[in-house]
Amino acid sequence: MRKRPRITPATREVKQGEIVEDLMSLLPDDILINIISRLPLKEAAKTSVLSSRWKYLWTFTTVLDFDGITESSNCISDPTCIDKVLQLHRGSSINKFRLCLYSKDLHESEITNWVYSALSKRVQIFELELWPRLKNYTFLENCYNNLKSELSGVKYLRSLRLFSVNVTGEILEFILHNCPLLDQLSVVRSETLVSLKVVGSAIQLKHLRISTCYRLNEIKISTPNLLSFKYFGPGQELKLHIENAPQLVDISFRGVMLTRVRNVVGPITSCFPQLKTLELDSCDELYAQFSEHELPNLTHLHLRVATLNRESLLGLASIMKACPFLQTLIVQFDYNGYKVGRRRKVPRHSHQHLKLVELHGFLGRPIDLELAFYILENATTLEKMVVNRTNYSFGCGNAKDCTKLREAKLRQGVELLVL
């Protein structure tokens with residue numbers, strides 16, 4: 001009788017591996033490509049050695065992520081390798097194309113070719129990030145005329161994110177009007193963006209973010225589908241126009257030199273009745289304008305206060321009063337040494353829906369404590385207050401002051417967390 005072969009642990013592992021491989025082979029190509037697309041590019045390319053069937057499957061991946069900023073051995077960032085991957089790619093479409101590279105060794109023509117290759121593949125999510133910014137490179141400038149006549153690729157864009165990349169308002173407006181699926185646009189650190197007009201009833205954009213574009217002097221928004229608008233940058237000379245934006249419920253407007261807030265609050269007052277989330281850099285000039293309006297649907301308010309003084313304390317109280325259904329209040333204090341001002345009584349007002357309050361940069365001065373106690377006394381349904389003390393020491397606060405806050409008599413069910 002013939003002896004049965006002895007099965008060792010190593011043999012058993014091989015046999016199990018063969019079974020797993022057979023099960024994977026039963027899956028259709030579409031599912032295998034979907035699995036491969038979730039892998040880093042280098043790992044995806046390695047699957048080509050598994051079998052003859054797998055040899056070219058990775059070239060149909062729907063995600064091309066070239067990241068030279070993140071230090072990872074799985075990232076492809078060498079220009080020659082990027083060229084090779086794009087040449088080998090056989091898929092007719094790309095779900096996501098991300099190019100995040102140091103630009104010191106790149107040529108403008110290389111970037112243009114990569115961008116055009118991605119757009120020709122009906123890319124849906126496009127992200128371009130260059131460090132440092134190439135002054136002589138402007139997004140789509142060299143292939144702009146071609147795109148005007150060949151819209152088959154660009155029209156599939158759903159999300160466009162440009163970081164440290166120059167782009168003009170003309171090109172962005174062309175994209176907005178010719179990409180019917182585009183719902184997210186983010187532009188950060190562009191030196192050539194001077195004016196942006198998001199105007200048109202057919203524009204489907206839902207989320208707009210503009211940050212640190214210091215030459216930008218005008219933004220005009222008139223589109224019925226926009227849900228959120230986030231801006232960060234200097235606000236002194238910016239002309240902001242917002243109209244016909246009935247679904248705009250989330251606004252963030254911040255800037256390190258934002259002093260002429262009338263340029264900001266005036267244009268967004270038309271959105272006050274519908275706003276649900278608002279983030280602002282605030283100053284004394286801002287508060288008076290809120291006293292004239294009501295934000296009946298606002299539930300989340302985030303304010304950055306240059307210095308908490310007597311006027312700003314009164315102003316914060318008036319803003320809270322203007323938001324009768326406010327649920328979350330976040331206040332960031334940026335101390336700059338201004339005087340507190342003469343003592344004035346803060347009018348009491350019951351806040352029946354405020355549940356969470358966060359106070360960041362808390363110094364523990366009497367004026368800071370007064371704000372904390374005002375909220376504790378007037379927020380009748382408060383569930384939690386987080387007090388995050390600043391790491392800076394100006395001789396204005398000490399542990400004893402925070403102890404007073406900890407020892408405050410709280411309503412039942414209120415959690416006070418001092419960090």
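Since we're looking at a predicted model, the values are computed, not measured. All values below were derived from every heavy atom in this structure, side-chain atoms included, with hydrogens, water molecules and symmetry-related copies excluded. Here, residue 1 is the first one in the sequence, and each next residue gets the next number.
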Inset, instruction - Starting from the C-alpha separation in whole Å, work towards a yes-or-no answer on ring-ring contact (aromatic ring centres under 6.0 Å, His included) for Phe163 and Trp131. - result: CA-CA 9 Å; Phe163 193 103; Trp131 289 93; 5.4 Å; yes
Got more than 12 heavy atoms from elsewhere within 6.0 Å of [atom1], [X]?
| X | atom1 | value |
| --- | --- | --- |
| Tyr56 | OH | no |
| Lys355 | NZ | yes |
| Arg53 | CZ | yes |
| Lys206 | NZ | yes |

Would you call the rings of [X] and [Y] parallel, tilted or perpendicular, taking 30° and 60° as the class edges?
| X | Y | value |
| --- | --- | --- |
| Tyr231 | Phe229 | tilted |
| Tyr374 | His351 | perpendicular |
| His293 | Phe272 | perpendicular |

Legend entry - Spacing of Leu227 atom CG and Ile251 atom CD1 [to the nearest 0.5 Å]: 11.5 Å
Any side-chain donor paired with an acceptor under 3.5 Å for [X] and [Y]?
| X | Y | value |
| --- | --- | --- |
| His241 | Glu243 | no |
| Arg189 | Thr212 | no |
| Glu279 | Ser252 | yes |

Legend entry - side-chain contact (heavy atoms from CB on, under 4.5 Å) partner of Ile221, chosen from Leu208, Ile203, Val199: Leu208
Inset, instruction - List the steps and the verdict of side-chain contact (heavy atoms from CB on, under 4.5 Å) for Thr138 and Leu140. - result: CA-CA 6 Å; Thr138 300; Leu140 293 184; over 6 Å; no
Inset, instruction - Applying side-chain contact (heavy atoms from CB on, under 4.5 Å), run through His207 and Arg209 and close with a yes or a no. - result: CA-CA 7 Å; His207 306 280; Arg209 179 188 177 219; over 6 Å; no
Inset, instruction - Apply side-chain hydrogen bond (donor to acceptor under 3.5 Å, both in side chains) to Ser195 and Glu218, showing your working. - result: CA-CA 5 Å; Ser195 174; Glu218 181 183 31; 3.2 Å; yes
Legend entry - Candidate pair Thr192 and Thr168, rule side-chain hydrogen bond (donor to acceptor under 3.5 Å, both in side chains), full reasoning: CA-CA 6 Å; Thr192 55; Thr168 65; over 6 Å; no
Inset, instruction - Show your working on side-chain hydrogen bond (donor to acceptor under 3.5 Å, both in side chains) between Gln87 and His89 and close with a plain yes or no. - result: CA-CA 6 Å; Gln87 290 171 8; His89 191 264; over 6 Å; no
Inset, instruction - Answer yes when Glu129 and Arg161 have at least one side-chain N-carboxylate O distance shorter than 4.0 Å, and no when they do not. - result: yes
Inset, instruction - Before accepting this row, confirm whether a basic side-chain N of the pair Asp183/Arg158 lies closer than 4.0 Å to the acidic partner's carboxylate O. - result: no
Inset, instruction - State whether the side chain of Glu173 and the backbone N or O of Lys197 hold a donor-acceptor pair below 3.5 Å, judged by distance alone. - result: yes
Legend entry - Full working for side-chain contact (heavy atoms from CB on, under 4.5 Å) between Arg411 and Leu382: CA-CA 8 Å; Arg411 285 191 178 89; Leu382 186 67; over 6 Å; no
Legend entry - Full working for side-chain contact (heavy atoms from CB on, under 4.5 Å) between Leu216 and Val194: CA-CA 4 Å; Leu216 183 63; Val194 178; 5.7 Å; no
Inset, instruction - Please lay out, stage by stage, how Tyr156 and Phe126 fare under the test ring-ring contact (aromatic ring centres under 6.0 Å, His included). - result: CA-CA 10 Å; Tyr156 291 93; Phe126 185 99; over 10 Å; no
